[in-house]
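Remarks on the structure that follows.
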Amino acid sequence: MVRAWVLPVLLVLCGSAVVAAQIVKGDVGTAAVLLPVFLALAGVNSPLVFPKSIGAQEAQRRSAVDGRPVVFWRPGCPYCMRLRLRLGRSARRAYWVNIWRDPAGASAVRAANDGNETVPTVVVAGRPHTNPDPGWVREQLSRSG
């Protein structure tokens with residue numbers, strides 16, 4: 001889990017340094033714009049934004065039992081963030097697999113997307129759907145629970 005925090009922490013630290021340099025130069029306006037940008041980038045890459053990731057094999061096993069969708073994602077992906085935010089609280093009912101932390105998950109995504117690691121890839125009833133509409137995913141979550 002330590003690696004998942006490296007990028008957000010670096011973004012906050014680098015952003016703080018850049019903002020401090022702008023303030024020292026007397027450019028408070030630029031500093032005021034840059035600080036939220038760096039914080040937003042850190043937030044998007046934070047593991048706190050997404051439900052806890054599990055391994056692809058465990059996610060697929062659980063999905064076969066209860067029918068819940070498996071969402072393959074990666075930090076920093078704007079489409080994954082869009083899906084996560086649009087699902088709201090119901091996102092926690094899906095099984096999330098971070099393909100950068102799980103080689104089996106990355107392999108499953110490549111198999112579903114002609115060798116590309118295109119995310120989000122959502123697997124419902126054993127069928128992959130690449131970058132599906134969040135409303136459709138929400139429907140699948142309500143059907144499974």
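Predicted model, so just to flag it, every value in this text is computed and none were measured. The figures that follow rest on heavy atoms only: side chains count, while hydrogens, waters and symmetry mates do not.
- A heavy-atom distance below 4.5 Å is found between the side chains of Arg62 and Ile54.
- Shown here is Phe38, whose CZ atom has more than 12 heavy atoms of other residues, nucleotides or ligands within 6.0 Å.
- Remark: side-chain polar atoms of Asn116 are not paired, donor with acceptor, to backbone N or O of Thr118 under 3.5 angstrom.
- Using a 4.5 Å heavy-atom threshold, the side chains of Val119 and Ile99 count as touching.
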What's the verdict on salt bridge (Lys or Arg N to Asp or Glu O under 4.0 Å) for Asp66 and Arg68, showing C-alpha distance, side-chain angles and the deciding distance? CA-CA 6 Å; Asp66 62 18; Arg68 292 183 187 183; 3.6 Å; yes
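- Judged by distance alone, with hydrogens and angles left aside, the side-chain atoms of Thr30 form no donor-acceptor pair with the main-chain N or O of Asp27 at under 3.5 Å.
- With sequence neighbours excluded, no residue forms a salt bridge (Lys or Arg N to Asp or Glu O under 4.0 Å) with Arg86.
- Summarising the geometry, atom OG belonging to Ser63 is positioned 8.0 Å from atom CD belonging to Gln60; distances are rounded to the nearest 0.5 Å.
- The heavy-atom pair separating Val70 from Ala59 by the smallest distance is CG2-O, 3.6 Å.
- If you check the side chains of Trp73 and Thr121, you find no donor sitting under 3.5 Å from an acceptor.
- Atoms CG and CD, on Leu87 and Gln140 in that order, are 11.0 Å from each other to the nearest 0.5 Å.
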What donor-acceptor contacts under 3.5 angstrom involve side-chain atoms of residues 14-23, with partners at least two apart or in another chain?
from	atom 1	to	atom 2	distance (Å)
Ser16	OG	Val12	O	2.7

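- Considering all non-hydrogen atoms of both residues, Ala106 and Glu117 come closest at CB-OE2, 3.6 Å.
- Side-chain N or O atoms of Asp102 include none that pairs as donor or acceptor with a backbone N or O of Val97 at under 3.5 Å.
- Taking each heavy atom of Pro120 and Tyr79 in turn, the nearest pair found is CD-CB, 3.6 Å.
- Separation of atoms SG (Cys77) and CZ (Phe72) is listed at 14.0 Å; rounding is to 0.5 Å.
- Within 6.0 Å of the CD atom in Glu139, the count of heavy atoms belonging to other residues, nucleotides or ligands exceeds 12.
- Distance CD/Glu58 to OG/Ser53: 13.0 Å, rounded to 0.5 Å.
- Side-chain contact between Trp96 and Arg84: present, with at least one pair of heavy atoms (C-beta onward) separated by less than 4.5 Å.
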Extract all donor-acceptor atom pairs below 3.5 Å that involve side chains of residues 126-134 and protein atoms in other chains or at least two apart in sequence.
from	atom 1	to	atom 2	distance (Å)
His129	NE2	Arg127	O	3.4
Thr130	OG1	Asn113	OD1	2.4
Asp133	OD2	Gly135	N	2.8
Asp133	OD2	Trp136	N	3.3

Any chance you could lay out the side chain to side chain contact (heavy atoms under 4.5 Å, CB included) test for Leu83 and Val137, step after step, and finish with the verdict? CA-CA 9 Å; Leu83 176 64; Val137 177; 4.0 Å; yes
